[in-house]
Q: 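Please read through the structure below; I'll follow up with questions.
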Amino acid sequence: MSDVNALVVSAQSLSLSKAGLVELQTSLDANAELLATDISVAVAALEAGALTPHAHSLAWVHILHAMCIPPSASAGMGQPPHSDPNTDKFLALATILLKSCDPAQVRKDPVRFARVCGELRDVAVAKNLPASAIAPLAAAIAAARPSPDHLTPQHAMLFQCCLLAKCFNAALPVLLQPVYEVDPSTTGLKSRDFLTYCYYGGMCFVGLRRYDEAANLLLHAITAPASAVSAVVVAAFKTFTMTSLIGGGVVPSFPRFTPPVVQRNLKALCVPYFALSDAYKTRSGEQLGKVAKIHEAAFAADGNSGLLALVVKSLVKRNVQRLTQTYLTLSLADIASAVHMQGGAAEAEKQVVCMIEAGEIFASISQRDGMVSFHDVGTDQYSSVAMAAQLDGEIREAMAMSDRVRSVDEAVKCDKTYLAKISSEVGSELAGLRGMKVGGDMDYAGGDLDYATSVDSAGAKRRVPDAGCTVQGTQRRVQGTERRVHCVGYRAQGTGCRGQRAERMVQAPGVRARGTGSRGQGVGCRMQGAGCRVQDEGFRVSTLLALSWIE
């Protein structure tokens with residue numbers, strides 16, 4: 001029995017339990033070179049049915065991964081030569097695996113599974129059959145993600161195949177599923193996968209003529225953290241400019257969290273698009289047409305000639321919409337003149353009719369005298385059942401998002417890494433206050449210090465430097481047997497130097513405590529704040545700052 005056959009037998013027995021899958025993963029990793037060398041024997045075992053795609057998915061992933069051409073032997077996206085007969089065999093086997101795999105097993109090795117899916121896409125594109133990869137990749141997304149909220153490398157692969165096959169509706173269910181989790185450890189995701197997900201997804205929205213959603217998804221690629229400008233980001237910004245003008249009539253400025261390196265370089269790399277945006281702001285069709293003519297070759301080289309024509313048309317529509325805000329009636333000839341339509345009244349009539357049918361304006365045209373009467377937007381459009389259902393859906397979505405944000409906030413507060421970091425920061429702050437002395441003339445090293453009182457998530461109260469809270473004077477004065485400490489928002493009074501029962505009062509924003517049980521032992525009395533607890537309506541505050549009263 002060859003070593004590959006021994007691996008096949010081992011995979012048959014170890015795939016039956018979770019512990020066995022862990023052992024199988026280790027064994028297959030150690031024998032990766034052996035599988036690549038004797039790949040024909042392993043493939044024969046798959047074709048003979050010795051290993052089934054659902055019961056032995058992990059073994060299938062490793063064997064198909066061994067069939068893939070190494071990245072160094074491929075160019076561009078790693079497309080293998082479609083004349084190789086092994087590619088046909090790989091395409092058939094990979095399609096079977098993706099449609100019937102066991103999700104729990106393929107998630108054991110997300111990187112290799114993503115590589116197999118990428119090779120399937122490349123073979124299908126090389127054979128000019130991108131549509132054949134859509135259904136397998138859609139099934140692969142469901143198998144690769146631990147939950148519907150997770151982003152996977154297979155998302156971008158699916159969108160790319162949908163674009164090449166012009167099957168935009170096939171990508172819509174995945175596009176409409178919000179993504180909240182990006183976890184490379186469980187999905188094998190890389191930074192390029194996120195960028196291509198945003199770009200290809202945005203292009204699918206463009207194909208569906210949903211320009212606002214396209215611009216929103218493309219903006220995620222532009223604002224993604226980066227130390228250098230990616231070609232994907234440049235392409236995303238060019239399409240983002242066009243879709244923003246078509247959908248909203250204006251290109252929004254860069255958000256403040258956009259990487260500076262991206263902002264600087266995009267202005268130099270996308271000059272025609274910035275010029276187009278500036279011309280659109282003038283609301284002049286003539287000026288916009290002039291800029292479009294000057295940079296026509298650049299737009300054509302980027303494949304954006306179609307979007308450029310839509311941008312020009314959108315300006316005409318918006319200029320007509322502005323007329324409805326000024327006039328109640330207007331002739332078709334006047335509309336053509338105001339909007340600079342070369343076709344005159346006939347073109348104006350055609351444009352107005354199209355806008356009325358699309359619900360973009362509310363108007364009526366008199367065929368007798370060629371006058372257009374503009375109407376106010378009625379309130380009936382908001383009283384329909386469809387509008388009520390849409391409003392209810394958006395409210396539910398907002399409530400679900402609020403609950404999600406709250407749960408994430410609570411999870412962060414309980415995270416061990418976060419708590420350890422907060423503890424170390426508090427410890428460093430306290431270490432800087434250990435040189436403080438009280439008694440007689442007390443000085444703070446460094447002169448005037450500012451303090452404020454804050455309460456963290458664990459309920460502990462601490463005093464931290466704050467410019468808004470001033471300690472009056474650099475010295476604290478002892479007058480007789482009464483010592484006073486004054487600061488904005490914090491006051492402590494005590495007569496504990498007499499050995500009598502004293503009343504101490506601590507006031508802070510939102511926290512107040514009184515006690516008459518504290519005893520001062522002569523002039524050597526000590527108040528240890530670390531062990532001092534204040535009980536107020538069931539809320540306990542343990543101060544972290546230890547104040548020592550020393551003679």
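What you see below is based on every heavy atom in this structure, not just the backbone, and it leaves out hydrogens, waters and symmetry mates. For this chain, numbers begin at 1 and follow the sequence in order.
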Q: Is the shortest side-chain heavy-atom distance between Leu276 and His295 below 4.5 Å?
A: no

Q: Using side-chain heavy atoms (C-beta onward) and a distance below 4.5 Å, is Glu181 in contact with Asp183?
A: no

Q: Assess whether side chain to side chain contact (heavy atoms under 4.5 Å, CB included) is satisfied between Lys238 and Phe240, documenting all intermediate values.
A: CA-CA 5 Å; Lys238 292 177 179 179; Phe240 169 75; over 6 Å; no

Q: Run the side chain to side chain donor-acceptor pair (under 3.5 Å) test on Gln105 and His56 for me, step by step, so that the C-alpha distance in whole Å, both residues' side-chain angles and the decisive distance to 0.1 Å come before the verdict.
A: CA-CA 8 Å; Gln105 292 194 33; His56 310 100; over 6 Å; no

Q: More than 12 heavy atoms of other residues, nucleotides or ligands under 6.0 Å from CG of Leu176: yes or no?
A: yes

Q: Mind listing the closest non-hydrogen atom pair of Thr187 and Pro153 along with its distance?
A: O-CD, 3.3 Å

Q: In the structure I gave you, are the side-chain heavy atoms of Ile222 and Leu266 within less than 4.5 Å of one another anywhere?
A: yes

Q: Give me the atom names and distance for the closest heavy-atom approach of Leu21 to Ser15.
A: CD2-CA, 3.8 Å

Q: Does Asp403 pair with Arg406 as a salt bridge, N-O distance under 4.0 Å?
A: yes

Q: Taking Phe254's backbone N and O only, do any of them form a donor-acceptor pair with Thr258's side chain (distance below 3.5 Å, no angle check)?
A: no

Q: Is the shortest distance from a Lys or Arg side-chain nitrogen in Arg112 or Asp29 to a carboxylate oxygen in the other one below 4.0 Å?
A: yes

Q: Are Leu328 and Ser373 side-chain neighbours, meaning at least one heavy-atom pair lies under 4.5 Å?
A: no

Q: Decide yes or no on side chain to side chain contact (heavy atoms under 4.5 Å, CB included) for Leu51 and Ile63, but give the supporting numbers first.
A: CA-CA 11 Å; Leu51 297 174; Ile63 294 174; 4.0 Å; yes

Q: Can you tell me how far the CG atom of Asp38 sits from the CD atom of Glu33, to the nearest 0.5 Å?
A: 12.0 Å

Q: Before giving the answer on side chain to side chain contact (heavy atoms under 4.5 Å, CB included), spell out for Tyr280 and Ser314 the whole-Å C-alpha distance, their side-chain angles and the decisive distance to 0.1 Å.
A: CA-CA 10 Å; Tyr280 200 98; Ser314 69; 2.9 Å; yes

Q: Holding to side-chain hydrogen bond (donor to acceptor under 3.5 Å, both in side chains), I want the full list of residues that pass it with Glu47, two or more places apart in sequence or in another chain.
A: none

Q: Nearest 0.5 Å, what's the CD1-CD1 distance between Ile356 and Ile361?
A: 5.0 Å

Q: Which residues satisfy the ring-ring contact (aromatic ring centres under 6.0 Å, His included) test with Tyr197, sequence neighbours excluded?
A: His155, Phe159

Q: Would you say the side chain of Gln263 lies within less than 4.5 Å of the side chain of Pro259, judging by non-hydrogen atoms?
A: no

Q: Could you report the tightest heavy-atom contact between Arg318 and Gly247, atom names first, then the distance?
A: NH2-O, 3.0 Å

Q: What do the steps show when you test Ile141 against Leu137 for side chain to side chain contact (heavy atoms under 4.5 Å, CB included), and what is the final call?
A: CA-CA 6 Å; Ile141 292 174; Leu137 288 173; 5.7 Å; no

Q: Between Glu410 and Lys413, does any side-chain N to carboxylate O distance fall below 4.0 Å?
A: no

Q: Can you check side chain to side chain donor-acceptor pair (under 3.5 Å) on Ser331 and Asp334, steps first, answer last?
A: CA-CA 5 Å; Ser331 67; Asp334 291 338; 2.9 Å; yes

Q: I'd like to know if the side chain of Asn31 reaches the main chain of Ser27, judged simply by a donor and an acceptor atom lying under 3.5 Å from each other, with no hydrogens or angles considered.
A: yes

Q: Got a donor-acceptor contact below 3.5 angstrom from the Thr26 side chain to the Val22 backbone?
A: yes

Q: Assess whether atom OH of Tyr327 is packed by more than 12 heavy atoms of other residues, nucleotides or ligands within 6.0 Å.
A: no

Q: Please examine the side chains of Ser364 and Val372, heavy atoms only from C-beta on, and report whether any two atoms are closer than 4.5 Å.
A: no

Q: Count the heavy atoms belonging to other residues, nucleotides or ligands that lie under 6.0 Å from CZ of Arg322, then report whether that count exceeds 12.
A: yes

Q: I need the minimum non-hydrogen distance between Val412 and Tyr418, along with the two atoms involved.
A: O-CD2, 3.2 Å

Q: Passes side chain to side chain donor-acceptor pair (under 3.5 Å), Ser284 versus Glu286? Steps please.
A: CA-CA 5 Å; Ser284 171; Glu286 182 180 357; 5.1 Å; no

Q: Let me confirm one number: the OG1-OH distance from Thr239 to Tyr211, rounded to the nearest 0.5 Å.
A: 12.0 Å

Q: Counting only heavy atoms from other residues, nucleotides and ligands, does the tally under 6.0 Å from CG of Asn128 exceed 12?
A: no

Q: Look at the side chain of Asp392 and the backbone N and O of Ala388, then say whether any donor-acceptor pair between them is shorter than 3.5 Å.
A: no

Q: Is any side-chain heavy atom of Gln321 less than 4.5 Å from a side-chain heavy atom of Met355?
A: yes

Q: Taking all atoms of both residues into account, what is the closest heavy-atom pair of Cys198 and Leu218, and its distance?
A: O-CD2, 3.8 Å

Q: Got a second to check how far Asp302's CG is from Asn304's CG, nearest 0.5 Å?
A: 5.5 Å

Q: Between the side chains of Arg115 and Glu119, is the shortest nitrogen-to-carboxylate-oxygen separation below 4.0 Å, so that they form an ion pair?
A: yes

Q: Apply side-chain hydrogen bond (donor to acceptor under 3.5 Å, both in side chains) to Tyr199 and list each qualifying residue two or more places apart in sequence or on a separate chain.
A: none

Q: Could you state the interatomic distance from CG (Leu208) to CG (Leu175), rounded to the nearest 0.5 Å?
A: 7.5 Å

Q: For the side chain of Ser57 and the backbone of Asp102, is there at least one donor-acceptor N/O pair under 3.5 Å apart?
A: yes

Q: May I ask you to check if Arg404 and Tyr180 form a cation-pi contact, with NZ or CZ under 6.0 angstrom from the six-membered ring centre and within 45° of the axis?
A: yes

Q: Where do Ile134 and Ala170 come nearest, in terms of heavy atoms and distance?
A: CG2-CB, 3.9 Å

Q: Distance check, rounded to the nearest 0.5 Å: Arg107 atom CZ versus Thr152 atom OG1?
A: 10.5 Å

Q: With the side chain counted from C-beta on, respond yes when Phe168 and Phe205 share a heavy-atom pair under 4.5 Å apart, and no when they do not.
A: no

